[in-house]
There are 2 protein chains.
Amino acid sequence: MVRMADVARAAGVSVMTVSNVLNERLPVNEPTRARVMAAVEALGYEVNLTARHLRAGRTDTVAFVVPSFHDYFGELADQVAPLIEAEGRHLVLERTSADAEQEMEALSVARLQMYDGVLLSVAGLDLEQLGRVRTAKPIVLLGERDVPDHLNHVRLANESGARLATAHMIERGSRRILALGCSFDAAHMMTTDRRAGWEHACREAGLAADPAYVVPVSDYTSLGAREAMLEVIASGLPFDGVFAVTDIVALGALSALADSGLRVPVDVQLAGFDNLDMSRFIPPGITSVDANHEGVAEAAVGLLHRQMSGWTGPAEHVVAPVRLVVRGSTRGGA
Amino acid sequence: MVRMADVARAAGVSVMTVSNVLNERLPVNEPTRARVMAAVEALGYEVNLTARHLRAGRTDTVAFVVPSFHDYFGELADQVAPLIEAEGRHLVLERTSADAEQEMEALSVARLQMYDGVLLSVAGLDLEQLGRVRTAKPIVLLGERDVPDHLNHVRLANESGARLATAHMIERGSRRILALGCSFDAAHMMTTDRRAGWEHACREAGLAADPAYVVPVSDYTSLGAREAMLEVIASGLPFDGVFAVTDIVALGALSALADSGLRVPVDVQLAGFDNLDMSRFIPPGITSVDANHEGVAEAAVGLLHRQMSGWTGPAEHVVAPVRLVVRGSTRGGA
DNA sequence: AGCGCACAATATATCGATAAAAAGTAGGAC
DNA sequence: GTCCTACTTTTTATCGATATATTGTGCGCT
């Protein structure tokens with residue numbers, strides 16, 4: 001490992017001069033600078049980031065902590081990365097597997113030190129656990145749960161998105177719409193808020209929002225959704241529309257519907273939430289509420305950047321707007 | 001920031017005693033140990049990982065460098081993570097956006113220091129660039145390109161996978177199969193190897209492997225594939241099967257076929273490569289060559305682990321076997 | 001010639017931990 | 001009572017950089 005001291009010796013200067021050349025902190029005479037740069041090239045020197053970090057207290061690195069590297073989070077992360085890099089910092093992803101303990105660990109002082117800032121997709125932590133998080137480190141939370149006031153937070157307009165999707169299907173003729181993967185939990189959660197939107201849309205149209213039409217999905221995978229959907233079909237419960245809590249769930253539903261000979265959108269309309277890349281291409285095209293990755297990423301990185309620049313004002317809670325993207329899985333779409 | 005020195009003062013011992021208690025290196029008397037632990041609790045002390053790293057030269061962290069956080073890589077990363085964690089280490093993802101310069105930067109000494117080992121998905125780098133990578137740091141390359149002998153490498157059996165898929169479609173009646181997203185580049189690349197497999201299968205069955213049936217796709221997105229597919233259809237080139245170089249490409253093709261009124265698998269059979277999660281659920285189910293994430297992850301982590309344990313033998317080049325998963329997009333599937 | 005000033009380069013202290021060597025403390029054997 | 005050994009604990013040096021203070025150098029001005 002070649003150190004700054006080796007470069008200094010080779011160039012016949014002090015370590016600080018090398019540091020000053022590389023960081024352009026204090027001015028260095030041109031001939032000296034050239035000698036240093038030549039030595040750097042010759043030896044192939046590269047700064048030891050760990051040492052710099054220890055001394056300077058800065059890593060120029062931001063962590064995005066996600067429950068899994070899959071799907072929604074992968075897509076969101078791809079949006080976040082360029083924004084972080086545009087500010088001269090570096091982005092790394094960490095995974096918690098939606099495990100509360102691991103999420104807390106990710107927020108532990110020890111790990112936070114490694115980064116100048118942290119974006120955390122809250123999946124497993126509840127309000128009480130998050131309330132215990134006290135740190136000076138810039139943090140922005142992402143995700144569809146309630147969070148303490150003192151932490152910055154970006155979430156989606158879940159309720160309004162679900163309402164849009166449901167209302168759209170009602171307008172196009174559906175009268176009995178399943179809320180697949182939704183729930184009645186008390187806490188503000190993604191599945192609860194989206195159910196509320198479904199309910200709202202039903203009521204608004206003068207339709208019953210029968211709790212029997214709220215169908216839970218075991219683990220929010222396509223497989224779980226497919227199985228739940230098959231059970232509903234087998235049960236004989238009449239329905240002519242499905243609002244799926246996510247596109248992943250919608251895909252499972254689509255699979256079950258196809259296998260059961262139910263035609264989309266003729267017999268059953270289908271809408272999802274997130275507008276994953278694939279949803280555009282899966283025939284007949286899945287109508288979906290766009291999760292506004294761009295807006296979410298921009299808002300989150302903006303809040304984070306502000307904190308990293310020293311801002312200490314009160315935390316903000318941003319609700320990113322969403323819009324409905326109509327495709328072939330609902331009538332009147334492309 | 002509470003340091004080890006603060007804990008030491010509170011417990012009335014030296015810094016080294018605290019270190020010894022926390023790391024269980026040298027034995028410490030029980031009463032002393034208890035006092036130290038009490039102080040740690042009381043002050044909420046957590047070790048400074050940066051300082052430890054600088055001194056101990058170990059981060060207990062492995063980086064997985066991928067071209068993008070999406071799809072294939074996200075799924076693979078989710079497989080890799082538990083294997084790394086099982087060895088008491090931590091995994092982080094970094095992104096290069098398939099940019100050769102950024103990939104080289106990810107391999108720069110400076111960034112390598114931050115990790116005990118690196119898994120690198122080679123997308124943009126060619127043989128010559130990789131040849132310049134000289135480092136003592138444990139590295140394992142992943143991906144479907146040629147790499148220098150001195151670097152450990154895990155790749156898929158691309159040629160045989162493509163052959164399996166193509167042969168399967170031929171067996172089920174296809175006679176004119178497109179190789180969508182494949183190419184004739186000289187270097188061993190994913191698109192070339194898979195084309196070779198397609199060619200091989202055609203020849204084996206006594207069919208012509210007409211270069212006109214090798215259709216490039218601009219950027220290997222579903223959108224690009226869809227457009228390429230629509231052009232082929234518009235051109236009037238007769239075909240009754242599509243081997244898509246990836247499932248993402250297959251999805252684009254499926255979209256184009258559906259919009260053109262061509263039925264899968266009745267008019268056209270379709271097979272992809274990667275067996276993404278979604279492929280199982282997209283009606284009618286996309287027949288795909290399973291990318292064997294588990295095997296790839298296991299082999300790669302195994303090679304990395306071996307290096308991190310001090311093994312210095314010659315590099316290995318593993319070709320992970322693949323298998324065909326037959327679904328509804330080819331005849332005779334589910 | 002003498003003085004001061006601007007600028008370049010160096011010396012010193014420090015970030016927070018760990019490895020290795022040294023020192024302190026008992027207890028047991030003779 | 002002395003000495004040795006075994007076990008705890010502390011001391012010292014170090015990882016590789018950066019921030020601050022200090023020293024050194026050349027030049028203009030009177």
Side-chain angles (χ1 to χ4, degrees), chain A residues 1-40 43-61 108-116 136-137, chain B residues 1-40 43-61 108-116 136-137:
Chain A
M1 173 76 47
V2 38
R3 296 154 318 176
M4 201 175 260
D6 301 321
V7 175
R9 190 166 344 103
V13 297
S14 74
V15 183
M16 265 325 286
T17 301
V18 178
S19 174
N20 283 329
V21 167
L22 294 178
N23 298 308
E24 296 179 330
R25 249 178 67 85
L26 299 184
V28 174
N29 260 9
E30 179 48 33
T32 317
R33 207 192 67 77
R35 253 191 2 265
V36 169
M37 286 312 288
V40 166
L43 300 179
Y45 169 78
E46 299 205 45
V47 70
N48 182 322
L49 295 175
T50 305
R52 167 181 289 173
H53 178 198
L54 178 59
R55 182 64 242 241
R58 168 181 58 94
T59 59
D60 297 326
T61 301
S108 76
V109 181
R111 290 275 288 294
L112 286 180
Q113 305 159 333
M114 304 296 293
Y115 305 108
D116 287 351
K137 196 60 79 172
Chain B
M1 173 75 47
V2 38
R3 296 153 320 180
M4 202 175 261
D6 301 321
V7 175
R9 192 166 342 105
V13 297
S14 74
V15 182
M16 265 323 287
T17 301
V18 178
S19 176
N20 284 328
V21 167
L22 294 178
N23 297 309
E24 296 178 331
R25 248 178 68 85
L26 301 183
V28 175
N29 258 10
E30 179 49 33
T32 316
R33 208 192 66 77
R35 257 196 352 270
V36 169
M37 287 312 288
V40 166
L43 300 179
Y45 170 78
E46 300 205 44
V47 70
N48 182 322
L49 294 174
T50 304
R52 168 182 289 174
H53 178 199
L54 178 58
R55 183 62 241 245
R58 163 182 61 94
T59 58
D60 296 325
T61 301
S108 77
V109 181
R111 291 274 289 294
L112 286 181
Q113 305 160 332
M114 303 296 293
Y115 305 107
D116 288 351
K137 197 57 82 170

**Report entry** Residues in side-chain hydrogen bond (donor to acceptor under 3.5 Å, both in side chains) contact with B:Thr59, at least two apart in sequence or another chain
**Finding:**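 Once residues adjacent in sequence are excluded, the partners of B:Thr59 under the side-chain hydrogen bond (donor to acceptor under 3.5 Å, both in side chains) criterion are B:Asp116.
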**Report entry** B/S/- contact track for nucleotides 11-20 of chain D, protein heavy atom under 4.0 Å
**Finding:** B-BBBBBBBB
Query - Heavy-atom closest contact (A:Tyr45 atom, A:Arg3 atom, distance) - result: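 For A:Tyr45 and A:Arg3, the tightest heavy-atom pair comes out as CE1-C, 3.5 Å.
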Query raised in the report: Does A:Thr17 make a side-chain N or O approach to OP1 or OP2 of C:dT10 shorter than 4.0 Å?
Result: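 The answer is yes; a side-chain N or O of A:Thr17 sits under 4.0 Å from OP1 or OP2.
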**Report entry** A:Thr32 side chain near C:dA8 phosphate (N/O to OP1/OP2, under 4.0 Å)
**Finding:**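 The answer is no; no side-chain N or O of A:Thr32 sits under 4.0 Å from OP1 or OP2.
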Requested in this report: Find the distance between CZ (B:Arg52) and OG1 (A:Thr50) and round it off to the nearest 0.5 Å.
Outcome: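 Taking CZ in B:Arg52 and OG1 in A:Thr50, the distance rounds to 13.5 Å.
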With [X], which residues qualify under salt bridge (Lys or Arg N to Asp or Glu O under 4.0 Å), at least two apart?
X: A:Arg33; value: A:Glu30
X: B:Arg58; value: B:Asp60
X: B:Arg9; value: B:Asp6

Query raised in the report: Through what angle, rounded to 10 degrees, does the axis of the helix from C:dA1-D:dT30 to C:dC30-D:dG1 turn between its ends, using five pairs per end?
Result: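 Computed from the C1' atoms at both ends, the axes differ by 70°.
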Query raised in the report: A:Glu30 CD to C:dA9 P: how many Å, rounded?
Result: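 Roughly 11 Å, once rounded to whole Å.
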Requested in this report: Identify which one of A:Val21, A:Val47, A:Leu22, A:Val2 satisfies the side-chain contact (heavy atoms from CB on, under 4.5 Å) criterion when paired with A:Val40.
Outcome: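 The side-chain contact (heavy atoms from CB on, under 4.5 Å) with A:Val40 is passed solely by A:Leu22 among A:Val21, A:Val47, A:Leu22, A:Val2.
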Report task. Would you please test A:Glu46 and B:Gln113 for side-chain contact (heavy atoms from CB on, under 4.5 Å) and show each step? Result -> CA-CA 10 Å; A:Glu46 299 205 45; B:Gln113 305 160 332; 5.6 Å; no
